[in-house]
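Step one of this worksheet: look at the structure below.
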Amino acid sequence: MEYKFTSENFENEVVKSDIPVLIDFYADWCGPCKMMAPVVEKLAAEYDGRVKVGKVNVDDEQELAAQFRVMSIPYFLILKNGEAVDKAVGAQSQESLEEKLNKVL
């Protein structure tokens with residue numbers, strides 16, 4: 001299941017999550033972000049129950065984007081126990097993101 005993270009649910013869904021979280025910072029107008037959407041969906045299904053996979057729209061959630069210093073999108077951030085443990089900027093292969101997720105599991 002793919003989550004939508006906002007400033008309202010971020011604390012409970014991400015910071016207090018008992019499993020690692022992959023966040024896809026994106027925007028609706030971003031071509032590479034659109035290209036990554038099916039990959040993120042696949043990861044959400046593949047890692048369901050082991051990793052919480054969700055998205056943050058940087059236009060709607062500018063404070064969250066600023067908090068994590070998101071300068072370019074897509075920007076992928078992996079958090080474990082509320083702490084950032086890995087990141088990737090730009091379009092990524094599914095294998096590359098899987099490798100990062102498997103490291104934190």
Stepwise side chain to side chain contact (heavy atoms under 4.5 Å, CB included) test for F5 and I23: CA-CA 8 Å; F5 301 129; I23 305 171; 4.0 Å; yes

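Think of I19 as one node in a network of Ile, Leu, Val, Met, Phe, Trp and Tyr side chains linked at under 4.5 Å; it has no links at all. Counting side-chain heavy-atom gaps under 4.5 Å among Ile, Leu, Val, Met, Phe, Trp and Tyr, the cluster of V53 also holds L22, M36, V39, V40, L43, Y47, V51, F76, I78, V85, L97, L101, V104, L105.
Each ring pair (Phe, Tyr, Trp, His ring centres under 6.0 Å) pair with one or both residues in residues 82-105, not counting sequence neighbours, would appear here, but there are none.
Linking Ile, Leu, Val, Met, Phe, Trp and Tyr residues whenever their side-chain heavy atoms come within less than 4.5 Å places V14 and V56 in a single cluster. Both V21 and M1 sit in one connected hydrophobic cluster of ILVMFWY residues. Membership requires side-chain heavy atoms under 4.5 Å apart, directly or through other members. Cluster membership for V89 and L77, using ILVMFWY side-chain heavy atoms within less than 4.5 angstrom, is shared.
Partners of E13 according to the salt bridge (charged side-chain N to carboxylate O under 4.0 Å, His left out) rule, which considers only residues two or more places apart in sequence or in another chain, are K52. By the side-chain contact (heavy atoms from CB on, under 4.5 Å) test, E11 pairs with V15, K16, sequence neighbours left out. Scanning for ring-ring contact (aromatic ring centres under 6.0 Å, His included) contacts around Y75 gives F25, with sequence neighbours left out.
The line from OG of S17 to CG of N12 is 10.5 Å long, rounded to the nearest 0.5 Å. Rounded to the nearest 0.5 Å, atoms CG (D48) and CD (E46) are 11.0 Å apart. Put simply, OG1 on T6 and CG on N57 are 11.0 Å apart, with the number rounded to the nearest 0.5 Å. Once rounded to the nearest 0.5 Å, the distance linking NZ of K103 with CG of D86 reads 5.0 Å.
Around atom CD of Q67, more than 12 heavy atoms belonging to other residues, nucleotides or ligands sit under 6.0 Å away. Around the NZ atom of K100, the shell of radius 6.0 Å holds more than 12 heavy atoms that belong to other residues, nucleotides or ligands.
Closest approach of A27 and D59 over heavy atoms only: CB-OD2, 3.8 Å. Contact between C30 and P74 at its shortest, heavy atoms only, is SG-CD, 4.1 Å. For G90 against Q92, the heavy-atom pair with the smallest separation is O-NE2, 3.2 Å.
Looking only at atom types and distance, the side chain of S7 has a donor-acceptor partner in the side chain of E61 under 3.5 Å away.
Note on ring orientation: taking the six-membered ring where Trp is involved, the planes of F68 and F10 are tilted (angle from 30° to 60°).
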